[in-house]
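Both backbone and side-chain heavy atoms feed into the values below; hydrogens, waters and symmetry mates do not. Every chain is numbered from 1 and lettered A, B, ... according to where its sequence line falls, protein lines coming before strand lines.
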Protein chains: 2
Amino acid sequence: MQLSNSSKYAIRILAYMADQKDSKLMNATELAEALYIPYKFLTKIMTELVKVGLVVSIRGREGGYKFEKKTSEIMVSDILDIFNDSIKDEQCVLGIGFCNGLCKCALHDQWMEPKLLLQKMFRESSLEDIAGRGCKI
Amino acid sequence: MQLSNSSKYAIRILAYMADQKDSKLMNATELAEALYIPYKFLTKIMTELVKVGLVVSIRGREGGYKFEKKTSEIMVSDILDIFNDSIKDEQCVLGIGFCNGLCKCALHDQWMEPKLLLQKMFRESSLEDIAGRGCKI
DNA sequence: TATAATTACTACTTAAAGGTAGAATTAATC
DNA sequence: GATTAATTCTACCTTTAAGTAGTAATTATA
Ligand code: SF4
Ligand code: SF4
């Protein structure tokens, strides 16, 4: 009952970047050290964030990463989507499946409330909302 | 953001068993066929449920499984515990970790509500509550 | 007692997540 | 132009979850 490591790392990375005032470039080494994420795994994740268009990368010396979109436009659910970790409408938090309207599983009624609440949180929390709050490690 | 297959199967198995009137024995073959769970995987799960004392098994011909405890005394969280899938107090739904009171992560405030709701659901839903509702596949 | 039907045990295979290594590419600066 | 600091690519390794196979142990019944 957890997010994948990739999702968790990505959230922490982007929340940390959103915290930095001015949109200066941040490189993989400083991110990895600040957030205690294995360097090689972090670069793998960053490359995915670039591919999907959340951040842009500047290669070469003095390069690094910065946001492509405004932090107010990046929702946590956008991040989870990348790693297939978000909660789809047709899929329950429990993921017991077999649900088709005709046949709801035994837990349906009990679980709809937290499910919808989680979905709402994921979809309505932007990086801007998160920025400045909590410690970003 | 899902339960493990073992947890999901176990919930479905036990919910299905709870549905059967009178506590007659149910064998692995009928459970596997009724619930579309691979037979060999189901027996592996059942053996764990036996070890942990939720159900008792009768070996040999005419054997099978039945509840050891009353269905009103078996909470969904008891099932999740077996497969290390329940939500611990010190661990968040998001599992970003690093939380120690001094240092809450960026998402803490937003996630506490669904976390507590999920915990409450898991801990307060018994198999008896579930029995008779929904289809148990 | 032999047989058939059942769970339990041991060990393996497969698939996916998590993580690592090294070389290739890019671009600023000396 | 060479050097250096950075991202990207390809390929691999490790760990864990998921699933399978075969056999041993158990027990009711014929
Ligand atoms: S709880 Fe509802 S939505 Fe979730 S798997 Fe069961 S029937 Fe489907
Ligand atoms: S949201 Fe709160 S409880 Fe969850 S990991 Fe972050 S600080 Fe800990």
Side-chain angles (χ1 to χ4, degrees), chain A residues 1-13 17 24-68 79-80 82-86 95-97, chain B residues 1-14 17 24-68 79-86 95-97:
Chain A
M1 205 56 186
Q2 286 229 351
L3 296 177
S4 67
N5 275 6
S6 296
S7 285
K8 291 187 283 185
Y9 286 154
I11 291 171
R12 285 172 53 218
I13 293 164
M17 286 175 63
K24 81 167 172 59
L25 287 181
M26 312 216 54
N27 68 48
T29 307
E30 52 182 333
L31 288 172
E33 282 172 3
L35 298 164
Y36 309 102
I37 298 173
Y39 173 82
K40 281 291 198 180
F41 197 27
L42 180 136
T43 58
K44 197 180 204 174
I45 290 167
M46 292 313 287
T47 301
E48 299 208 60
L49 299 182
V50 169
K51 277 195 186 129
V52 88
L54 288 189
V55 307
V56 348
S57 62
I58 313 291
R59 295 174 66 162
R61 189 167 176 165
E62 304 292 300
Y65 304 96
K66 67 180 178 189
F67 284 108
E68 166 82 328
I79 304 168
L80 302 189
I82 301 167
F83 306 100
N84 236 302
D85 239 345
S86 64
I96 296 190
Chain B
M1 206 56 187
Q2 285 226 353
L3 297 177
S4 67
N5 274 6
S6 295
S7 285
K8 291 187 284 184
Y9 286 154
I11 291 171
R12 286 171 53 217
I13 293 164
L14 294 172
M17 285 176 64
K24 82 168 171 59
L25 287 183
M26 312 218 52
N27 67 49
T29 306
E30 53 182 331
L31 288 171
E33 282 173 2
L35 298 164
Y36 308 104
I37 298 173
Y39 173 83
K40 280 291 194 180
F41 197 26
L42 181 136
T43 57
K44 198 181 206 174
I45 289 167
M46 292 312 288
T47 300
E48 299 208 59
L49 299 181
V50 168
K51 276 195 187 129
V52 88
L54 289 190
V55 307
V56 347
S57 63
I58 313 291
R59 295 175 65 163
R61 189 167 178 162
E62 302 293 301
Y65 304 97
K66 67 180 177 188
F67 285 107
E68 167 80 329
I79 303 168
L80 302 189
D81 278 340
I82 300 167
F83 306 100
N84 235 302
D85 239 344
S86 63
I96 294 189

Asks: Could you list the residues that satisfy side chain to side chain contact (heavy atoms under 4.5 Å, CB included) with A/E48, not counting sequence neighbours?
Replies: A/I82, A/F83
Asks: For residues 40-60 of chain B, pull every pair meeting ring-ring contact (aromatic ring centres under 6.0 Å, His included), keeping only residues two or more places apart or in separate chains.
Replies: B/Y9-B/F41
Asks: Using chain B heavy atoms and a threshold of under 4.0 Å, write down where along DNA chain D the contacts begin and end, 5' to 3'.
Replies: D/dA18 to D/dA28
Asks: One character per nucleotide, please: for nucleotides 12-23 of chain C, 5' to 3', B when the base has a protein heavy atom closer than 4.0 Å, S when only the sugar-phosphate does, - otherwise.
Replies: ------SBBBB-
Asks: Which pair of non-hydrogen atoms, one from A/L3 and one from B/M1, has the smallest distance, and what is that distance?
Replies: CD2-SD, 3.4 Å
Asks: In this structure, how many angstroms lie between the P atom of C/dA28 and the CG atom of A/L25, rounded?
Replies: 11 Å
Asks: May I ask you to list the residues of residues 56-66 of chain A, by number, that have any heavy atom positioned under 4.0 Å from an atom of DNA chain D?
Replies: A/S57, A/I58, A/R59, A/G60, A/R61, A/G64, A/Y65
Asks: Name all residues meeting the side chain to side chain donor-acceptor pair (under 3.5 Å) criterion together with B/N27; count only those two or more places apart in sequence or in a different chain, and write none if there are none.
Replies: none
Asks: Mind checking side chain to side chain donor-acceptor pair (under 3.5 Å) for B/T29 and listing every partner two or more places apart, or none if nothing turns up?
Replies: none
Asks: Checking A/A28 now: which residues fulfil side chain to side chain contact (heavy atoms under 4.5 Å, CB included) with it, not counting sequence neighbours?
Replies: A/Y39, A/L42, A/T43, A/Y65
Asks: Take the protein atom CG of B/L42 and the nucleotide atom P of C/dT7, then report the distance between them rounded to whole Å.
Replies: 9 Å
Asks: Identify, with sequence neighbours excluded, every residue that meets side chain to side chain contact (heavy atoms under 4.5 Å, CB included) alongside B/K66.
Replies: B/L25, B/V56
Asks: Do B/I13 and B/L35 come close enough that some side-chain heavy atom pair is under 4.5 Å?
Replies: yes
Asks: Taking only residues two or more places apart in sequence or in another chain, which ones pass side chain to side chain contact (heavy atoms under 4.5 Å, CB included) with B/K51?
Replies: B/T47
Asks: Can you list the residues that meet the side chain to side chain donor-acceptor pair (under 3.5 Å) rule with B/S57, with sequence neighbours excluded?
Replies: none
